Protein chains: 4
Amino acid sequence: YGKNTIKFLRLHREGKKHFVKEVEVCTHIRLTSAQEYLEENNSLVIPTDTIKNIVLVLAQKNGIPTLEQFAIDICKHFMTTFYQVAYVKAYVQEVPWQRLHENGVPHIHSFICVPDGIRFCEAELCRNGPLLVFAGIKDLKLMKTTQSGFEGFYKNEHTTLPERSDRVLCGELFCKWSYGECRNFDFDCIWYTNKIRECILEAFSGPPDSGEYSPSYQKTVNRIQMLILSNVSQVQVIEVILNNIYFEVIDMKNLGLTNDKEVLIPVETPYGSCTCTLGRKKFLEA
Amino acid sequence: YGKNTIKFLRLHREGKKHFVKEVEVCTHIRLTSAQEYLEENNSLVIPTDTIKNIVLVLAQKNGIPTLEQFAIDICKHFMTTFYQVAYVKAYVQEVPWQRLHENGVPHIHSFICVPDGIRFCEAELCRNGPLLVFAGIKDLKLMKTTQSGFEGFYKNEHTTLPERSDRVLCGELFCKWSYGECRNFDFDCIWYTNKIRECILEAFSGPPDSGEYSPSYQKTVNRIQMLILSNVSQVQVIEVILNNIYFEVIDMKNLGLTNDKEVLIPVETPYGSCTCTLGRKKFLEA
Amino acid sequence: YGKNTIKFLRLHREGKKHFVKEVEVCTHIRLTSAQEYLEENNSLVIPTDTIKNIVLVLAQKNGIPTLEQFAIDICKHFMTTFYQVAYVKAYVQEVPWQRLHENGVPHIHSFICVPDGIRFCEAELCRNGPLLVFAGIKDLKLMKTTQSGFEGFYKNEHTTLPERSDRVLCGELFCKWSYGECRNFDFDCIWYTNKIRECILEAFSGPPDSGEYSPSYQKTVNRIQMLILSNVSQVQVIEVILNNIYFEVIDMKNLGLTNDKEVLIPVETPYGSCTCTLGRKKFLEA
Amino acid sequence: YGKNTIKFLRLHREGKKHFVKEVEVCTHIRLTSAQEYLEENNSLVIPTDTIKNIVLVLAQKNGIPTLEQFAIDICKHFMTTFYQVAYVKAYVQEVPWQRLHENGVPHIHSFICVPDGIRFCEAELCRNGPLLVFAGIKDLKLMKTTQSGFEGFYKNEHTTLPERSDRVLCGELFCKWSYGECRNFDFDCIWYTNKIRECILEAFSGPPDSGEYSPSYQKTVNRIQMLILSNVSQVQVIEVILNNIYFEVIDMKNLGLTNDKEVLIPVETPYGSCTCTLGRKKFLEA
């Protein structure tokens with residue numbers, strides 16, 4: 001059981017300059033016993049209200065140095081403080097506030113919400129087990145208007161899809177990777193130094209002056225995974241989900257027009273989805 | 001990979017009387033090879049467009065006798081037709097259309113959407129593995145305004161929650177159970193004969209003239225599971241998630257009023273969540 | 001300015017039997033002056049926090065006899081209490097809780113949320129003006145699977161729609177009517193005695209054994225308005241919006257099948273919309 | 001009646017460089033007669049399917065030079081082509097695709113969705129009436145963490161809000177302005193030359209090194225309106241809605257901590273709302 005969607009803003013001031021982190025936290029725990037469930041005995045149950053208080057107290061005391069470190073702090077606190085906790089998981093997601101700029105000058109205390117991909121992380125800890133840390137980005141919506149096709153696929157009597165060598169590729173990306181057993185990483189340093197977000201965009205779109213041909217969603221997913229694994233040594237396993245939105249070139253012949261891929265209609269449902277998990281050495285597909 | 005949210009309406013006519021099933025289907029498959037992912041070779045890939053066509057063709061040919069049977073039909077079709085499929089899962093969810101009645105008389109072709117709980121099911125099949133069938137109900141929002149409390153819980157310096165022996169219990173239920181390895185059940189017969197929905201409502205609310213005291217969300221979840229397991233012999237394992245919405249009795253003293261649990265405010269976030277999975281003989285808590 | 005989405009539950013007890021009304025209230029006011037806006041002088045501004053307190057206090061003191069009466073109470077309170085208020089509007093919407101029944105016996109304190117149409121109302125009052133009261137129902141999703149067509153429409157070179165004499169008619173209804181200047185009606189009595197909801201369903205669907213042919217969305221909207229105006233003498237003007245969801249009979253010829261209106265796909269966007277406002281004597285179309 | 005949410009992507013190519021505009025269009029018309037509504041005669045009704053075709057044909061033929069010009073094209077087409085149309089309104093909203101950059105180099109055909117404010121416009125035309133054009137931005141979420149307060153407001157027995165001279169101001173902005181009767185403006189030129197978006201951000205946040213104190217939401221709304229009216233001569237009237245999200249500084253005394261505005265909780269409902277419409281010379285508040 002646990003407490004979901006604990007939302008708060010952590011405000012940090014250095015002189016007149018303000019820094020903000022607004023986050024949503026979900027914390028789940030499992031107890032070593034189940035007597036509240038079986039015997040109406042609540043004596044070991046930590047109320048979800050207390051879980052919320054602990055998350056807020058940790059935020060006030062430690063701040064949020066990085067999302068990952070905050071998730072780790074939560075896990076360690078529960079495991080250290082409560083002997084009856086067998087397992088704890090903390091998920092932290094950030095509201096994408098960015099500092100406002102006026103004519104290139106950063107504003108000391110004004111921010112704008114720019115949701116072009118949401119960073120999140122997850123830490124989990126079993127009693128006597130290793131600390132596992134995951135991080136990721138979700139709700140990242142990308143499109144390339146050419147250099148994508150889908151040909152040579154399996155056909156039978158239920159196939160109506162034509163082969164296409166030039167289509168629009170549009171999708172929403174979810175990427176989640178594991179840092180393996182945690183070794184006191186500086187997680188924001190890894191994120192910024194290794195340009196993880198930039199890797200994803202580059203693997204999706206290819207060189208700026210030409211792009212790179214994508215023969216399938218599967219191959220694009222693979223490119224994203226390969227580039228992150230090769231650029232970020234701390235990443236052990238990476239899962240990518242690409243939910244694609246198909247853009248249909250509508251036939252305008254009966255309206256007396258030729259539509260040379262100029263007007264396309266998004267088909268939102270049904271949508272295809274492609275999920276892959278790629279790890280070092282071993283290979284897993286889910 | 002797969003195709004999500006394939007929506008369609010299956011209309012069935014018996015003379016002038018019409019019957020409707022509107023469903024959303026998600027179908028996911030895993031192939032035995034990954035050459036499209038690694039080598040840009042799509043020759044074994046079944047396009048998601050073909051997956052959609054197959055679902056619609058099966059609906060046209062077989063109709064939707066029950067949600068579960070339709071999910072099974074999909075799984076079996078993919079496993080039988082495509083040698084390259086290693087695993088297939090079909091999720092089917094129903095739009096809750098109900099026949100309209102005028103002064104008690106059922107209308108032959110008019111329907112109203114009544115979303116007081118959504119039925120869904122899932123079937124999955126590995127090559128050479130057993131057929132697994134799950135069913136459930138979700139988005140079922142219930143409230144009891146008394147006969148609920150939470151006392152005797154674990155306390156420390158982060159505890160601010162008072163003990164309460166009379167609170168409002170309100171939550172959204174998700175129940176999913178397994179029928180184990182499928183043995184050609186008549187799934188709607190099980191649903192209606194065993195009154196599964198009625199079991200859930202009864203276990204939540206207790207006898208109509210008195211209710212039954214709930215000492216915790218956990219215990220209420222346990223009662224729901226126990227009643228279904230004892231009433232429905234075909235159910236093997238049952239998972240229940242109760243996302244509770246806390247109603248706060250607001251203090252009106254500074255407004256010159258005594259509020260004797262007459263005005264309460266829903267606290268939508270953060271919300272507590274309680275998940276349990278209960279099986280026959282063995283006991284699992286997640 | 002005002003306060004939106006003030007949500008609360010009003011619990012009323014008669015012995016052991018409980019009655020609930022959960023509502024969402026939006027209250028907007030306009031002041032006679034604009035000095036806070038022009039001159040940074042807040043001395044006449046009623047904080048939205050105070051607006052919220054007043055709504056909760058009125059709920060505690062008066063209860064919610066009917067949605068309409070509660071909206072009227074709010075308007076009258078603001079106009080009577082604050083000389084600086086020039087205009088006030090209160091919108092009240094109900095969460096559709098229904099009492100649970102077990103084998104036909106009503107439960108004394110357990111409820112289920114059944115969102116098959118949401119009742120709402122609106123009251124507004126200008127200083128020295130009449131009290132206006134509106135009521136309505138929204139999010140009412142209906143479907144008829146035959147007895148609907150669309151023929152004989154205007155055609156030109158941009159017309160691709162075929163004439164159809166048998167289609168599925170599905171839509172979401174919004175109905176809002178005016179009670180004119182308020183004369184101390186018993187609003188729930190009007191609602192239940194005149195069976196307003198039943199009128200809407202009947203005008204949409206026609207007789208249960210045969211239905212009634214709808215030659216256009218416009219005509220169906222007109223039938224709903226005419227039936228309410230003729231059955232409910234207190235209603236002065238009625239506005240109906242019908243957002244229709246088109247169900248497309250998919251062509252399965254290239255899949256080797258004949259699809260005799262058995263498998264249909266909902267087209268959610270773009271959707272057609274039809275709005276009409278009909279009053280007694282005078283006729284308005286918006 | 002009309003057609004809502006016609007979504008499409010207009011792709012324009014200059015050599016290898018691609019330009020995209022994805023829009024949602026809603027088009028509503030009113031006919032000079034109402035015979036389809038009263039007499040089941042559809043002979044003058046333009047099907048919503050035809051409305052959709054016309055929008056797509058115009059997009060293919062003319063492209064979308066600016067959102068406003070495209071809305072004007074739609075209005076003019078309907079008024080010129082159909083003698084039975086008495087009134088037409090077109091609303092156009094843009095999906096916020098931005099060109100991807102890799103190390104500062106713009107990509108020729110890859111884009112990312114960045115929803116930090118959505119541009120929209122509206123054109124309307126009555127037969128024999130002037131063409132009216134509106135434009136705006138919505139879903140712009142801003143926050144300033146200081147330089148905001150609310151003091152000296154009206155108090156009575158229902159007041160519980162304390163006076164505050166340093167609070168977080170956070171809200172979602174909706175701005176819509178009128179260009180009066182259209183005089184063949186270059187609308188994107190007005191938008192970019194006059195830096196309308198930058199005006200809004202600047203009026204909200206004040207100078208980057210100090211900010212500007214906001215004594216109320218009302219005054220902030222007024223500043224935004226005044227700055228746009230003074231910078232953009234073509235704007236006649238401007239309406240601003242600020243839906244504010246209140247951040248509550250939680251009291252941590254009972255948790256043994258002093259919370260000096262470091263941890264704040266967003267209160268999403270109820271939320272305050274402030275709407276003002278400001279025109280040249282005349283002053284309107286709604």
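These numbers come from a predicted model, not from an experiment. Reminder, nothing fancy here: chain letters follow the sequence lines and each chain counts from 1.
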Quick check for you: among [options], which has the greatest number of heavy-atom pairs under 4.5 Å with chain C?
options                        : answer
B/I112, B/I265, B/D139, B/D260 : B/I112
B/H12, B/H107, B/E198          : B/H107
B/H109, B/K7, B/K61, B/R13     : B/H109
B/V105, B/L169, B/V57          : B/V57
B/R10, B/Q147, B/E262, B/E268  : B/E262
B/E202, B/H101, B/R99, B/Q98   : B/E202

> Do C/F111 and B/K144 pass the side-chain contact (heavy atoms from CB on, under 4.5 Å) test, and can you show the C-alpha distance, the side-chain angles, and the key distance before you say yes or no?
Replying inline: CA-CA 6 Å; C/F111 303 88; B/K144 46 190 277 194; over 6 Å; no

So what's closer than 4.5 Å to chain C heavy atoms on [X]: side chain, backbone, both or neither?
X      : answer
B/I250 : side chain
B/M252 : side chain
B/I6   : neither
B/L100 : side chain
B/P115 : both

> At a heavy-atom separation under 4.5 Å, does C/V20 approach chain B through its side chain, its backbone, both, or neither?
Replying inline: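 The side chain, not the backbone.
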
> Where does C/L257 contact chain B at under 4.5 Å (heavy atoms): side chain, backbone, both or neither?
Replying inline: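 It is the side chain, since no backbone atom gets that close.
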
Heavy-atom pairs under 4.5 Å with chain B are the metric here; pick the option from [options] that has the most.
options                       : answer
C/P96, C/G206, C/C170         : C/G206
C/S210, C/A59, C/G256         : C/S210
C/K16, C/E172, C/K141         : C/K141
C/D116, C/N53, C/N259, C/L140 : C/D116

> Under 3.5 Å, is there a donor-acceptor pair linking the side chains of B/E102 and C/S205?
Replying inline: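 Side-chain D/A pair, B/E102 to C/S205: present.
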
>> How about NZ on C/K76, more than 12 heavy atoms from neighbouring residues, nucleotides or ligands closer than 6.0 Å, or not?
In response: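 Result for NZ/C/K76: open.
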
>> Between C/E22 and B/F247, is there a side-chain heavy-atom distance shorter than 4.5 Å?
In response: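 Yes, side chains in contact.
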
>> Using a 3.5 Å distance criterion without hydrogens, assess whether the side chain of C/Q60 forms a donor-acceptor pair with backbone atoms of B/T258.
In response: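 Confirmed, C/Q60 side chain pairs with B/T258 backbone.
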
> How far apart are the C-alpha atoms of C/V263 and B/L11, what are their side-chain angles, what is the distance that settles it, and do they pass the side-chain contact (heavy atoms from CB on, under 4.5 Å) test?
Replying inline: CA-CA 6 Å; C/V263 180; B/L11 180 57; over 6 Å; no

